[in-house]
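Chain A is the first sequence line, chain B the second, and so forth, proteins listed ahead of strands; every chain is numbered from 1.
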Amino acid sequence: MKLLELQNRIKSTIGDAAREAFQIDLDQLAAEVPPRTELGDLAFPVAFELAKQLKQKTGEKRPPRTIAEALKPKLESIEFVQQVEVAGAGYLNVFFDRAKLLSALTAKSVGSPAESIDRRKLMVEHTSINPNKSAHIGHVRNSVIGDTFVRSLQAAGNRVEVQNYIDNTGVQVADVVVGFMHIENMTLDDIKKLDASLPPEEPFDHYCWDLYTRVGLFYRDGNLDGEQNPEKLKLRAEILHAIEEGNNPIAELADYVATRNVEQILDTMERLGIRYDLLARESEILHLHFWERAFQLMKERGAIHFVSEGRTRGCWVMPFESHTGTEEHESDKIIVRSNGTVTYTGKDIAYQLWKLGKLGLDFNYKPFRSYADGHATWVTTTEPNAETQPEVPRPDFGGGAIVYNVIDSRQSYPQEIVRKGVAAVVPEVGEEASVHLSYEMVALSPAACEELGIELSDEDRKRPYIEMSGRKGLGVKADDLINRLEADALAEVIARHPDLTDTEQRETAHAIAVGALRYFLLKFTRNSVIAFDFKEALSFEGETGPYCQYAAVRANSIFRKLETAELTVIDSERSHPSNAATETLSGEAGDEIWSLLMLAARLEEANSQAAASAEPAVLAKYTFNLAKAFNLFYHRHRIIAEENETKRAMLINVADYTRQQLTSALETLGISVPERM
RNA sequence: GCACCCAUAGCUCAGUUGGAUAGAGCGUUUGACUUCGAAUCAAAAGGCCGGAGGUUCGAGUCCUCCUGGGUGCACCA
């Protein structure tokens, strides 16, 4: 049984009782965890709300405590509820029958695992890195938030499709192509040869990272603060045009560059356990005429109109009344430029409509990459659907009920326009169907800049953080950071476990590195700017992923030892809790054990809150608190040495349940538990 | 100019839909390895929740104003 079920049962009983006694329907009922164990396992401040509503309805003033007393008897008849107390100004505090609930919670579940009835498809787009350079730590925050959100949704029983948008025909790709063609004077063959010759630790995407910053200088004739040279910008415009057009040598070259970058970004993400179902490419949005269809729909619905005079003459614009126009800033958003080309916003509206299954067109697909466990990542293509791998059946892509776009908060304005544009075309799904899952950027702490050898102005030094910049090459590459984490972890593992094989040591170090990085990025809530600091990110102690992993590893080692000692769990304690169990769970010592169990039982609640609020930090904090509570328990109780058999059996039950919940929580965070560490 | 975000311990951050005595990590000080592993545990110190009003049984949380920071507001993406 899950604690959440019991909690919901109590809630509905309270709702019934309130209706019966006061003829009041409570639409939402808050359940809280009391601040101290002595105050019970669950608290309901419902009497305050009822007092307010009663006063409004009848004018009658009733003290909350009296109301709570009236509700109390009904709750006491619920199974697993031992007693109910009215406390404070009118709290209803529920106490569970500990021994009975313990056996119910830890009993092996036989039923169906995820009984989700809602089979609507949810769609999450994340990562979406411009395929012209390697991923940096800011991109990784996007991917880790997105991936963890996906895992959270899945753990809560949802069906999810993961997309990664590839802007393979954009300005940023064009920039790197300018670099290859006009700085390096390379042909496609030269680039391929270069790619093949690069060392694994500094691969093609890293090369592009450096080249991209050189292009920035190239446009400014070598002076980063200087004006851009119009002649050189013309090169970019020409290349961009050729890429958009397709079917020419420049487009072919650009496709090679973009695809190689995508492959290596996917390699980086694979290191962190992050995968995708579909890579949706902008080239197909163009060539399969998604925009034309969206344009037609927008015109039909009157979402956009043609401007025949004024500053935006010749453009198709979308009115955007919530922002007032000024001399500098237009209140209307241009969707089609006066030269007839479509803006990014327009393309994104088309893509968004497709995602929601409302465009009336579809991509063609081909496999991009498959994994040992059978997972496959697909990519969009203009070629007819090719079932080149019949053993890998193609899923139905698109048609999401709700679409979540993980995009940093700097893009909240354009995202708002996209959302309104979509809602204007398909009012029946409305603005609610597109969710901008925004998060703040990762910036660099002044100390981090110093460590990277970046010179700061006096002005910058006073700032709390410095924004990263791809154009200036200012940032921490994801691969470099992961390498460093792995090296640090490996040194520790070798020192602690010299007996392990080289492969085992490396795998363990890898798991620790992933745990450290993912947790570091998840412990901040989404709307908090992360000022990246090496010392903090590289830490394995305190509130970190490795701390949580360590707790689980220690728990597992108890059970490894138990097996070899043949001291298995007394199963009868589970089905028939004895009086002795009740006794061990009471008193101060019992409170401590019980509070660990209650915390472990709240995993489902924590996860559904994380999923509902799209805030993975909630689950990260929960996991850390559970690990901390377990470490305390571990320190206080010698399980194997415990002589009282009943007590030992109970301790084993609690430890077993806790490690399962902890492991499961970590899995949802994308963090694995190594054998030893 | 307009819109959005942020301000909580020395530092970095949590704080459920408005609920009981505002929490954690780091850092500092002091203790705990003959034990299921010390990447751990315990204890101490550390707070006018940026300021001022308001809403109510109750405000770190909601509303208004102010101060100080950040980010957007392209015929870029």
Side-chain angles (χ1 to χ4, degrees), chain A residues 28-36 39 43 45 48 51-52 63-64 87-91 93 130 167 170-172 282 311-315 317 320 322-331 333-339 341 343-345 347-348 408-414 416 438 440-441 443 445 463-465 467 489 492-493 496 512 523-525 527-531 533 535-536 539-544 546-547 549-551 553-562 565 605-606 609 613 615 617-618 620-621 624-625 628 631-632 634-642 655 676-677:
Chain A
Q28 279 217 327
L29 248 166
E32 297 168 20
V33 180
R36 294 185 306 280
L39 291 172
F48 304 113
K52 192 186 285 178
Y91 284 95
N93 289 348
N130 270 306
D167 185 4
V171 179
Q172 294 216 25
E282 189 175 80
R311 217 167 21 183
T312 54
R313 184 166 173 222
C315 298
V317 303
F320 204 59
S322 69
H323 291 251
T324 44
T326 61
E327 285 298 311
E328 283 175 80
H329 304 296
E330 211 56 55
S331 65
K333 175 67 198 171
I334 291 162
I335 304 295
V336 180
R337 304 182 186 104
S338 55
N339 67 5
T341 57
T343 61
Y344 153 82
T345 313
K347 282 182 269 191
D348 207 18
D408 94 68
S409 64
R410 284 171 291 192
Q411 292 197 42
S412 51
Y413 173 67
E416 201 183 333
S438 78
E440 281 290 343
M441 64 176 162
S445 69
R463 291 162 156 264
Y465 49 82
E467 193 176 350
E492 282 293 321
V493 173
R496 287 159 197 256
I512 293 168
K523 73 176 183 178
F524 301 92
T525 50
N527 58 9
S528 163
V529 176
I530 299 179
D533 184 79
K535 192 170 161 286
E536 259 183 85
S539 171
F540 297 151
E541 289 167 17
E543 195 195 337
T544 65
Y547 175 97
Q549 291 171 304
Y550 187 61
V553 166
R554 294 217 287 194
N556 286 337
S557 76
I558 297 174
F559 287 87
R560 200 166 39 232
K561 209 112 186 187
L562 278 172
E605 193 187 341
Q609 199 196 329
S613 58
E615 183 55 272
V618 170
K621 291 279 174 193
F624 171 67
N625 282 323
K628 203 165 57 140
N631 274 335
L632 176 60
Y634 178 90
H635 193 254
R636 292 271 165 88
H637 305 281
R638 301 281 130 189
I639 294 173
I640 293 174
E642 178 58 50
R676 290 164 216 274
M677 65 183 278

What contact category does [X] fall into here, base, sugar-phosphate, or nothing, at under 4.0 angstrom with non-hydrogen atoms?
X	result
A:Val493	base
A:Ile530	nothing
A:Ser338	base
A:Ala641	nothing
A:Pro64	nothing
A:Phe540	base
A:Thr544	nothing

Can you tell which of [options] lies closest to the side chain of [X]?
X	options	result
A:Phe524	B:C13, B:A77, B:C57	B:C13
A:Arg554	B:C73, B:A77, B:A38	B:A38
A:Ile512	B:U12, B:U16, B:A39	B:A39
A:Phe48	B:C57, B:G72, B:A77	B:C57
A:Glu536	B:A77, B:G15, B:U12	B:U12
A:Leu632	B:C41, B:C5, B:A77	B:C41

Next item on the list: Round to the nearest Å and state the distance from A:Asn527 atom CG to B:U61 atom C1'.
Entry: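 Taking atom C1' of B:U61 as the reference, CG of A:Asn527 is at 14 Å.
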Note to self: What I'd like to find out is whether the side chain of A:Met441 reaches to under 4.5 Å of the side chain of A:Tyr465, using heavy atoms alone.
What the structure shows: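 Sidechains of A:Tyr465 and A:Met441: in contact.
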Item checked: Annotated protein contacts, base or backbone, on nucleotides 20-26 of chain B with a non-hydrogen cut-off under 4.0 Å, one of B, S, - each -> BB--SSS
Margin query: Do the side chains of A:Lys535 and A:Asp533 get close enough for a salt bridge, i.e. N-O under 4.0 angstrom?
Written below: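 Salt bridge: no.
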Check: Would you call A:Glu543 and A:Lys628 a salt bridge, taking side-chain N to carboxylate O under 4.0 Å as the test?
Finding: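 No.
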Note to self: Work out how far the P atom of B:G15 is from that of B:A77, and round it to whole angstrom.
What the structure shows: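 So the two P atoms sit 36 Å from each other.
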Look for any protein N or O under 3.5 Å of an N or O in nucleotides 54-56 of chain B and output each such pair with its distance, or none.
none

Next item on the list: Answer syn or anti for B:C33, where the cut-off is 90° from 0 on the glycosidic torsion.
Entry: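 This nucleotide is in syn.
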Item checked: Residue list, side chain to side chain donor-acceptor pair (under 3.5 Å) with A:Glu440, at least two apart or on another chain ->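 Per chain and number, A:Glu440 pairs via side chain to side chain donor-acceptor pair (under 3.5 Å) with A:Ser409.
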Note to self: Please enumerate all residues that pass side chain to side chain donor-acceptor pair (under 3.5 Å) together with A:Ser528, with sequence neighbours excluded.
What the structure shows: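 Not a single residue meets the side chain to side chain donor-acceptor pair (under 3.5 Å) criterion with A:Ser528.
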For [N], take OP1 and OP2 only and decide whether either is under 4.0 Å from a side-chain N or O of [X].
X	N	result
A:Thr343	B:C75	no
A:Tyr550	B:A39	yes
A:Asn631	B:U40	no
A:Ser528	B:A14	yes
A:Tyr413	B:C2	no

Next item on the list: Calculate, to the nearest 0.5 Å, the distance between atoms CD and CD1 belonging to A:Glu536 and A:Ile530 respectively.
Entry: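 If I round to the nearest 0.5 Å, the distance is 9.0 Å.
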Next item on the list: Measure the OH-NZ distance between A:Tyr413 and A:Lys333 for me, rounded to the nearest 0.5 Å.
Entry: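 Spacing of OH (A:Tyr413) from NZ (A:Lys333) equals 6.0 Å.
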If you take all heavy atoms of [X] and [Y], which pair is closest and at what distance?
X	Y	answer
A:Ala617	A:Phe524	CB-O, 3.6 Å
A:Arg313	A:Ser338	O-CB, 3.7 Å
A:Ile558	A:Ile640	O-CD1, 4.0 Å
A:Ala89	A:Pro64	O-CB, 3.5 Å

Item checked: Each stem that RNA chain B is part of, given as range with range (3 or more consecutive Watson-Crick or G-U pairs, under 3.5 Å) ->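 Correct response: B:1-5 with B:69-73, B:10-13 with B:23-26, B:28-32 with B:40-44, B:50-54 with B:62-66.
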Next item on the list: Identify, between A:Arg638 and A:Val336, the residue whose nearest nucleotide on RNA chain B lies closer to the 5' end.
Entry: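 Nearest nucleotide further toward 5': that of A:Arg638.
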Notebook entry, point to check: Hey, which of these two, A:Thr345 or A:Pro45, hits RNA chain B nearer its 5' end, going by closest nucleotide?
Noted result: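 Checking each residue's closest nucleotide, the 5'-ward one belongs to A:Pro45.
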Pairs: protein N or O with nucleotides 68-70 of chain B N or O, under 3.5 Å:
| from | atom 1 | to | atom 2 | distance (Å) |
| --- | --- | --- | --- | --- |
| B:G70 | O2' | A:Tyr465 | OH | 3.2 |

Notebook entry, point to check: Do A:Tyr550 and A:Asn631 have a side chain donor and acceptor closer than 3.5 Å?
Noted result: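 Per modelled atom types, A:Tyr550 and A:Asn631 side chains form no pair under 3.5 Å.
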